[in-house]
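Sequence positions, counted from 1, serve as the residue numbers for this chain. Predicted, not measured: the structure shown is a model, and the values here were computed from it.
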Amino acid sequence: MKSKNLKKKVAFEVLKFIPNEIFIGVGTGSTVTYLINYLKKIKNKIKGAVSSSYKTTMSLKKNGIKVVQLNSLDRLPLYIDSADEINNNMEMIKGGGAALTREKILASAADKFICIIDETKQVKTLGKFPLPIEVLPMSYRYVMRELKKIGGEVKKRSNIITDNNNYILDISKLCIVNPVDIENTINNIPGVISVGIFSRRKPDILLVSTKKNVKKVFIN
Ligand code: 5RP
């Protein structure tokens, strides 16, 4: 089965996990784009959405789903998003779509985080997918020098300005055996806005689309 169909399948399956009458946080990416198409069908059952990116906001609005700011809510009951890689310990790399900072905020703010992936995203060790890092433009060359000390190859992503007006650096060829340490180390470099390792805020539920079915893993 093509990855596109696996993504559609898991995006449909997650609808069963959305209670009526709540605001939901919505991630960014192609899997989430399929989800938004399905959300259109249940838009009268949910109160609205908090968006993780400009792209997602446009897509939600186009589909008639009300978009509200995180600051207008006292709590966010649910966040749904995909990932670029996930290991057996439920630690992830996110940010392939350059929306990692807002995604991390929404995942952290939400009572429950459901991650929806196709099986190709499951890895033993994180790092095959280049690790994205959002940085303040005035600091990017300094941050690149600091990142080189950690290892791997660091590149500035070309032609990308994030929704927060920052740059993205990607570290490739970095074998991330201790995601917690690497997340903390990179977070501590001045100029770094956020790093695409999600080791502190892991999903509560993981849905994995396989050729046979959608596997459900309940973590919390
Ligand atoms: C965007 C992300 C996405 O969740 C990740 O890139 C997966 O995207 P896709 O659903 O297109 O495979 O982190 O910043």
Side-chain angles (χ1 to χ4, degrees), residues 3 7 25-33 51-57 59 79-87 89-110 113 115-118 120-203 206:
S3 145
K7 287 178 180 189
V26 181
T28 297
S30 56
T31 315
V32 166
T33 300
S51 168
S52 62
S53 64
Y54 179 74
K55 185 176 169 235
T56 292
T57 301
S59 177
Y79 178 60
I80 304 173
D81 198 357
S82 188
D84 296 302
E85 277 186 354
I86 186 160
N87 67 15
N89 199 24
M90 300 300 144
E91 294 154 329
M92 301 177 290
I93 288 185
K94 288 188 46 55
L100 61 152
T101 300
R102 295 185 190 198
E103 292 173 343
K104 199 177 257 192
I105 292 169
L106 294 191
S108 303
F113 172 18
C115 183
I116 53 173
I117 55 162
D118 64 81
T120 63
K121 306 288 184 72
Q122 290 184 298
V123 296
K124 213 166 149 236
T125 308
L126 299 177
K128 203 163 174 207
F129 189 93
L131 174 64
I133 295 144
E134 180 164 1
V135 293
L136 268 186
M138 62 87 65
S139 70
Y140 90 91
R141 292 196 60 209
Y142 160 69
V143 175
M144 282 178 89
R145 290 195 293 276
E146 291 300 300
L147 291 174
K148 277 178 191 151
K149 295 176 188 167
I150 296 169
E153 285 175 15
V154 190
K155 276 200 188 122
K156 179 177 169 291
R157 206 180 289 183
S158 51
N159 302 321
I160 281 276
I161 301 283
T162 70
D163 290 353
N164 314 308
N165 290 317
N166 294 314
Y167 292 163
I168 296 285
L169 305 178
D170 291 299
I171 313 184
S172 57
K173 299 184 185 151
L174 182 67
C175 185
I176 305 172
V177 285
N178 194 336
V180 175
D181 285 352
I182 302 279
E183 183 174 9
N184 287 336
T185 303
I186 296 178
N187 268 333
N188 281 332
I189 302 172
V192 168
I193 305 295
S194 64
V195 48
I197 297 178
F198 284 47
S199 66
R200 284 181 293 186
R201 188 20 163 159
K202 303 191 241 186
L206 175 68

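The shortest non-hydrogen separation linking Asp163 to Arg102 is O-NH2, 3.2 Å. Nearest heavy atom pair, residue Gly25 against residue Leu106, reads CA-CD1, 4.5 Å. Residues Cys115 and Met92 approach most closely at SG-SD, 3.9 Å, considering heavy atoms. Closest non-hydrogen pair, Met144 versus Lys156, comes out as CE-N, 4.0 Å. Nearest heavy-atom pair across Gln122 and Ile117 is CG-CD1, 3.8 Å. Residues Val195 and Leu100 come closest through the heavy atom pair C-CD1, 3.5 Å.
Note that OG of Ser139 is 10.0 Å distant from OH of Tyr167, once rounded to the nearest 0.5 Å. Annotation: the span from Ile133 atom CD1 to Asn187 atom CG amounts to 9.5 Å, rounded to 0.5 Å. Here CG of Leu174 is found 10.5 Å from CD of Glu153. Values are rounded to the nearest 0.5 Å. From Thr31, atom OG1 reaches atom CG of Asp118 across 6.5 Å, with rounding to the nearest 0.5 Å. The line from CD1 of Ile171 to NZ of Lys148 is 10.5 Å long, rounded to the nearest 0.5 Å. Rounded to the nearest 0.5 angstrom, Glu103 CD and Thr28 OG1 are separated by 5.0 Å.
Side-chain atoms of Asp84 come within 3.5 Å of backbone atoms of Gly96 as a donor-acceptor pair (strictly under, hydrogens ignored). Looking only at distances, a side-chain donor or acceptor of Glu183 sits under 3.5 Å from a matching main-chain atom of Ser199. A donor-acceptor distance shorter than 3.5 angstrom exists from the side chain of Arg201 to the backbone of Ala107, with no hydrogens or angles considered. Judged purely by atom type and a 3.5 angstrom limit, Glu85 uses its side chain to pair as donor or acceptor with the backbone of Gly127.
Other residues, nucleotides and ligands contribute at most 12 non-hydrogen atoms within 6.0 Å of the OH atom of Tyr54.
Side-chain contact check for Glu91 versus Leu126: some heavy-atom pair is nearer than 4.5 Å. When side chains are defined from C-beta on, Ile93 counts as touching Pro132, because their heavy atoms get closer than 4.5 Å. At a threshold of 4.5 Å between non-hydrogen side-chain atoms, the residues Ile86 and Pro203 count as touching. Using a 4.5 Å heavy-atom cutoff, the side chains of Asn87 and Thr125 are not in contact. Counting heavy atoms from C-beta on, the side chains of Asn166 and Pro137 come closer than 4.5 Å. The shortest distance between side-chain heavy atoms of Ser82 and Lys121 falls below 4.5 Å. A heavy-atom distance below 4.5 Å is found between the side chains of Pro190 and Tyr142. Residues Val32 and Ile80 form no side-chain contact, since every pair of their non-hydrogen atoms from C-beta on lies 4.5 Å or further apart.
Comment: Glu134 does not engage Lys104 in a salt bridge, judged by the lack of any side-chain N to carboxylate O separation of less than 4.0 angstrom.
Between Thr56 and Ser51, the side chains place no donor N or O within less than 3.5 Å of an acceptor N or O (distance only, hydrogens not considered).
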What's the verdict on side-chain contact (heavy atoms from CB on, under 4.5 Å) for Thr101 and Thr162, showing C-alpha distance, side-chain angles and the deciding distance? CA-CA 9 Å; Thr101 300; Thr162 70; over 6 Å; no
